[in-house]
Amino acid sequence: MANTGPIVILTGAGISRESGLHTFRDSDGIWAQHRIEDVATPEAFARNPRAVHTFYNTRRRQLVTGNIRPNAAHEALARLERAWPEPVLLVTQNIDDLHEKAGSRALIHMHGELRKARCAHCGHVQVEDGDLGVEQPCPVCTRTGGMRPHVVWFGEMPLGMDEIAEAIDRCTLFVSIGTSGNVYPAAGFVQEARYRARAHTVELNLEPSAGESLFAEKIYGPATQVVPAFVERLLTQRL
């Protein structure tokens, strides 16, 4: 497969698993331990904000103070961005910052970022590495009770959708890495790339996703193995 055009890459929790972060939908994943309705919806925050803060504070502390580092898959994608002659847009469903730590710069966090907080009253967004609480005032509007994780909860609109749609329309290669294929709208990106942009579509995953039949090419195995090998193949074929 020779390709030198724009690339869109979608990543999910599977790419961060080998860095020590739990995925969501595995049998031992995050949603096996917590009910979505209790910690990841606007209604949950309105009903019991302390429980929601506890859930995200624990995850944020793991990311900030734990031994969580980018792995070879993150690093390979950053290398591709630097070396590719056309734009490479990385769209991630992950709220961790491992892509940034690996060096990726053209990046959209469509589900938000764990190391940021947002005021539900005025919309102010800030970097946040500490615990959030109900009593914490917004530094802009000064109101309390509204500082929340800057993450997209179930029932909310993902971020950057217009920019993502424009990039998919222009891409000649669409790659999905470490995703379950169960969460929309991200699960529908492959259809847009394949049928609207006529892009070559590739799935790199530990196992087939729910949408594997939509991909023209499929490579399965650990992300730290299949992603660097795929990037090396892309760059070698271009050269």
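With hydrogens and angles disregarded, no donor-acceptor distance shorter than 3.5 Å links the side chain of R196 to the backbone of A199. Although no hydrogens or angles enter the test, the distance criterion places a donor-acceptor pair under 3.5 Å between the side chain of E18 and the main chain of A223. Here the side chain of W84 pairs no donor or acceptor atom with the backbone of P6 at under 3.5 angstrom. Side-chain atoms of E81 come within 3.5 Å of backbone atoms of A106 as a donor-acceptor pair (strictly under, hydrogens ignored). Counting only distance, with no hydrogens or angles, the side chain of N71 and the backbone of A73 share a donor-acceptor pair below 3.5 Å. A side-chain donor-acceptor contact under 3.5 Å links T41 to the backbone of A44. Between the side chain of R115 and the backbone N or O of D97 there is no donor-acceptor pair closer than 3.5 Å.
Environment of CD in E163: sparse, with no more than 12 heavy atoms of neighbouring residues, nucleotides or ligands closer than 6.0 Å.
Checked by atom type, the side-chain pair T236/E232 shows a donor-acceptor distance below 3.5 Å.
Transitive grouping of hydrophobic side chains (ILVMFWY, heavy atoms separated by less than 4.5 Å) brings L107 and I177 into a common cluster. Note: the hydrophobic cluster containing I168 does not contain L173 (ILVMFWY, side chain heavy atoms under 4.5 Å, direct or indirect links). I9 and V190 fall into different hydrophobic clusters, where Ile, Leu, Val, Met, Phe, Trp and Tyr residues are linked whenever their side-chain heavy atoms come under 4.5 Å apart, directly or through other members. Under the 4.5 Å side-chain heavy-atom criterion for grouping Ile, Leu, Val, Met, Phe, Trp and Tyr, V151 is not connected to V125 through any hydrophobic cluster. Both I7 and L204 sit in one connected hydrophobic cluster of ILVMFWY residues. Membership requires side-chain heavy atoms under 4.5 Å apart, directly or through other members.
Of the candidates L77, L98, N205, T92, I15 forms a side-chain contact (heavy atoms from CB on, under 4.5 Å) with just one, namely L77. A side-chain hydrogen bond (donor to acceptor under 3.5 Å, both in side chains) with E100 holds for exactly one of R105, H109, H74; it is H109.
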Should K101 and D96 be marked as a side-chain contact (heavy atoms from CB on, under 4.5 Å) after you check the CA-CA gap, both sets of side-chain angles, and the distance that decides it? CA-CA 10 Å; K101 286 180 175 177; D96 63 58; over 6 Å; no
Set out, in order, the CA-CA distance, both residues' side-chain angles and the distance that settles side-chain contact (heavy atoms from CB on, under 4.5 Å) for C138 and C122, then state yes or no. CA-CA 9 Å; C138 170; C122 72; 3.7 Å; yes
From CA spacing to verdict: side-chain contact (heavy atoms from CB on, under 4.5 Å), V175, V227: CA-CA 10 Å; V175 185; V227 177; over 6 Å; no
Please lay out, stage by stage, how E135 and T144 fare under the test side-chain contact (heavy atoms from CB on, under 4.5 Å). CA-CA 6 Å; E135 299 81 9; T144 60; 5.7 Å; no
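Residues P70 and S19 share a closest heavy-atom pair of C-OG, 3.8 Å. Annotation for G12 and Q93: closest pair CA-NE2, 4.0 Å, computed over non-hydrogen atoms. Minimum heavy-atom separation, L159 to I164: O-CD1, 3.9 Å. Pairing each heavy atom of L235 with each of A83, the nearest pair is CD2-CB, 3.8 Å. When every heavy atom of A120 is checked against every heavy atom of R148, the shortest pair comes out as CB-CD, 4.3 Å. What you find for M157 and V152 is that their closest heavy atoms are O-CG1, 3.8 Å.
To the nearest 0.5 angstrom, N94 atom CG is 11.0 Å from M110 atom CE. In this structure, the separation between CZ on F174 and CG on L214 is 10.0 Å, given to the nearest 0.5 Å. Rounded to the nearest 0.5 angstrom, L132 CG and R60 CZ are separated by 4.5 Å. To the nearest 0.5 angstrom, R194 atom CZ is 10.5 Å from H200 atom NE2.
Side-chain contact between R50 and V134: present, with at least one pair of heavy atoms (C-beta onward) separated by less than 4.5 Å. Using a 4.5 Å heavy-atom threshold, the side chains of R143 and C119 count as separate. Side chains of E203 and Y220 form a contact here, defined as non-hydrogen atoms less than 4.5 Å apart. Residues F189 and V91 meet the side-chain proximity criterion, which asks for heavy atoms closer than 4.5 Å. A 4.5 Å side-chain heavy-atom check between P87 and R170 finds every atom pair outside the cut-off. A 4.5 Å side-chain heavy-atom check between I219 and R233 finds at least one atom pair inside the cut-off. Residues E128 and Q136 have side chains in contact (heavy-atom distance under 4.5 Å, counting atoms from C-beta outward). Taking 4.5 Å as the limit, every side-chain heavy atom of E37 sits out of range of all side-chain heavy atoms of E43.
Not a single ring pair (Phe, Tyr, Trp, His ring centres under 6.0 Å) links H111 to another residue, sequence neighbours left out.
Looking at R61 and D131, a side-chain N of the basic residue comes within less than 4.0 Å of a carboxylate O on the acidic one, giving a salt bridge.
Between W153 and Y56, the ring-plane angle classifies as tilted under the 30° and 60° cut-offs.
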